Amino acid sequence: MTDKTPTVVLVHGAFAENSSWAGVIAELKSRGIDAVAVSNELRGPALDGSRVAAQVREIDGPVVLVGHSYGGAVITAAANEADNVTGLVYVAAFLPDEGESLQDLLGSFPANDFPAGLVPHTLPTADGGEETYLSIALDKFPALFAADVEDADVLARTQKAIAASAFDEKAGPASWKRLPSHVLVATGDAAIPPEGERIMAARAKATTIEVDGSHAVAVSQPKAVADFIATAVEAGAAR
């Protein structure tokens with residue numbers, strides 16, 4: 001048992017950025033729960049996970065990690081490097097098992113229109129090479145990512161691109177096998193098929209709810225998402 005309420009650390013996914021958690025943070029604050037959205041560089045689950053873990057270790061007390069979309073792979077990795085993590089929450093997110101890539105998972109789910117909406121960008125690297133990043137085409141972003149968000153065009157124009165190689169990176173040990181895990185399935189998700197989210201949740205034996213929302217469910221349904229996170233916080237406080 002701990003006498004300290006866990007801090008919630010929120011990790012955004014691809015094609016989003018920290019402010020996508022603003023509504024959820026406000027809802028958690030109204031419940032007396034401390035929450036912070038940390039930086040996620042979208043370079044690959046191992047590196048991003050290590051950097052999130054470093055930020056988590058700076059927190060004095062228990063932490064519940066929350067990941068959206070690709071951020072699910074990041075928190076899965078981060079929890080292996082931060083001993084103060086007491087629970088994991090996946091919001092319309094990936095839960096990779098050891099040795100799996102996100103592309104492996106996507107290939108096992110029902111096909112959708114999301115891949116056709118991606119735009120590649122060739123960017124220079126520090127060593128003089130090149131690497132490919134992916135974003136969502138502006139005109140396709142609302143339907144594919146945020147169909148129920150009124151200002152989806154603004155989200156499209158503030159999206160953060162992800163390294164294409166991040167989808168092919170094989171995951172390390174699955175921390176959801178040893179930590180209490182919670183999964184929120186977004187029933188209107190056009191990015192990760194809802195059936196895929198259900199499959200991953202069942203495999204992880206996670207506490208699961210379904211919310212009527214798009215992939216950007218944390219933006220469109222912040223109260224429902226915060227309510228669900230609060231249940232994980234309560235469970236973490238009891239550990």
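Being a predicted model, the structure only gives us computed values, none of them experimental. FYI, the numbering just counts along the sequence from 1.
Judged purely by atom type and a 3.5 angstrom limit, D148 uses its side chain to pair as donor or acceptor with the backbone of S214. In this structure, the side chain of K160 does not engage the main chain of G13 through any donor-acceptor pair within 3.5 Å. Of the possible donor and acceptor atoms, one in the side chain of E169 sits under 3.5 Å from a partner among the backbone N and O of A46. A donor-acceptor contact shorter than 3.5 Å is absent between the side chain of S20 and the backbone of A16.
Across all their heavy atoms, A230 and R31 have their closest contact at CB-CD, 4.4 Å. A190 and N112 get closest at one heavy-atom pair: O-ND2, 3.4 Å. Considering every non-hydrogen atom in both A216 and V149, the closest pair reads CB-CG2, 4.1 Å.
Residues V89 and V64 are in side-chain contact: their nearest non-hydrogen atoms beyond the backbone lie under 4.5 Å apart. Between F141 and Q159 there is a side-chain heavy-atom pair separated by less than 4.5 Å. Using a 4.5 Å heavy-atom threshold, the side chains of L10 and I229 count as touching. In this structure, V225 and V211 have side chains that are not in contact, with every pair of non-hydrogen atoms separated by 4.5 Å or more. Two residues are said to be in side-chain contact when any heavy atoms from C-beta on lie closer than 4.5 Å; T76 and W176 meet this criterion. Annotation: side chain of P45 is in contact with side chain of Y70 (closest heavy-atom distance under 4.5 Å). Side-chain atoms of T231 and I209, non-hydrogen and from C-beta on, never get closer than 4.5 Å to each other. Proximity of L118 to I136: side-chain heavy atoms (C-beta onward) are separated by under 4.5 Å at one or more points.
To the nearest 0.5 angstrom, N18 atom CG is 8.0 Å from N40 atom CG. Expressed to the nearest 0.5 Å, how far CZ of F145 lies from OG of S69 amounts to 6.0 Å. The structure places CG of L138 at 11.5 Å from NZ of K140, a figure rounded to the nearest 0.5 Å. Remark: S39 OG to D48 CG distance equals 8.5 Å, nearest 0.5 Å. Atom OG in S101 sits 8.0 Å away from atom CG in L106 (nearest 0.5 Å). For the atom pair CG (L47) and CG (L42), the distance works out to 11.0 Å, reported to the nearest 0.5 Å.
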Inset, instruction - Before giving the answer on salt bridge (charged side-chain N to carboxylate O under 4.0 Å, His left out), spell out for D97 and K177 the whole-Å C-alpha distance, their side-chain angles and the decisive distance to 0.1 Å. - result: CA-CA 9 Å; D97 200 351; K177 291 183 176 180; 3.1 Å; yes
Legend entry - side-chain hydrogen bond (donor to acceptor under 3.5 Å, both in side chains) between N80 and S175, intermediate numbers included: CA-CA 6 Å; N80 290 320; S175 56; 4.5 Å; no
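Between F228 and H182, the distance from one ring center to the other falls under 6.0 angstrom.
Counting non-hydrogen atoms of other residues, nucleotides and ligands closer than 6.0 Å to CG of D151 gives a total above 12. Heavy-atom contacts from other residues, nucleotides or ligands closer than 6.0 Å to CG of D139 number more than 12.
Residues S19 and E17 bring a donor and an acceptor atom of their side chains to less than 3.5 Å of each other.
A continuous path of ILVMFWY side-chain contacts below 4.5 Å connects V36 to V56, so both sit in one hydrophobic cluster. Taken together through direct or relayed side-chain contacts under 4.5 Å among Ile, Leu, Val, Met, Phe, Trp and Tyr, F167 and I75 form part of one hydrophobic cluster.
For the side chain to side chain contact (heavy atoms under 4.5 Å, CB included) criterion with M200, the lone passing option out of V185, L105, V183 is L105.
A salt bridge is defined here as a Lys NZ or Arg NE, NH1 or NH2 lying under 4.0 Å from an Asp or Glu carboxylate O, and D83 with R57 fails to meet this definition. We find that E131 and R43 are joined by a salt bridge, their nearest charged nitrogen and carboxylate oxygen being less than 4.0 Å apart. Residues E210 and R198 are paired through a salt bridge, judged by an N-O separation under 4.0 Å between the basic side chain and the carboxylate. K170 has no carboxylate O lying under 4.0 Å from a charged side-chain N of E100, or vice versa, which leaves the two without a salt bridge.
The aromatic rings of H68 and H215 sit tilted, their planes meeting at an angle between 30° and 60°.
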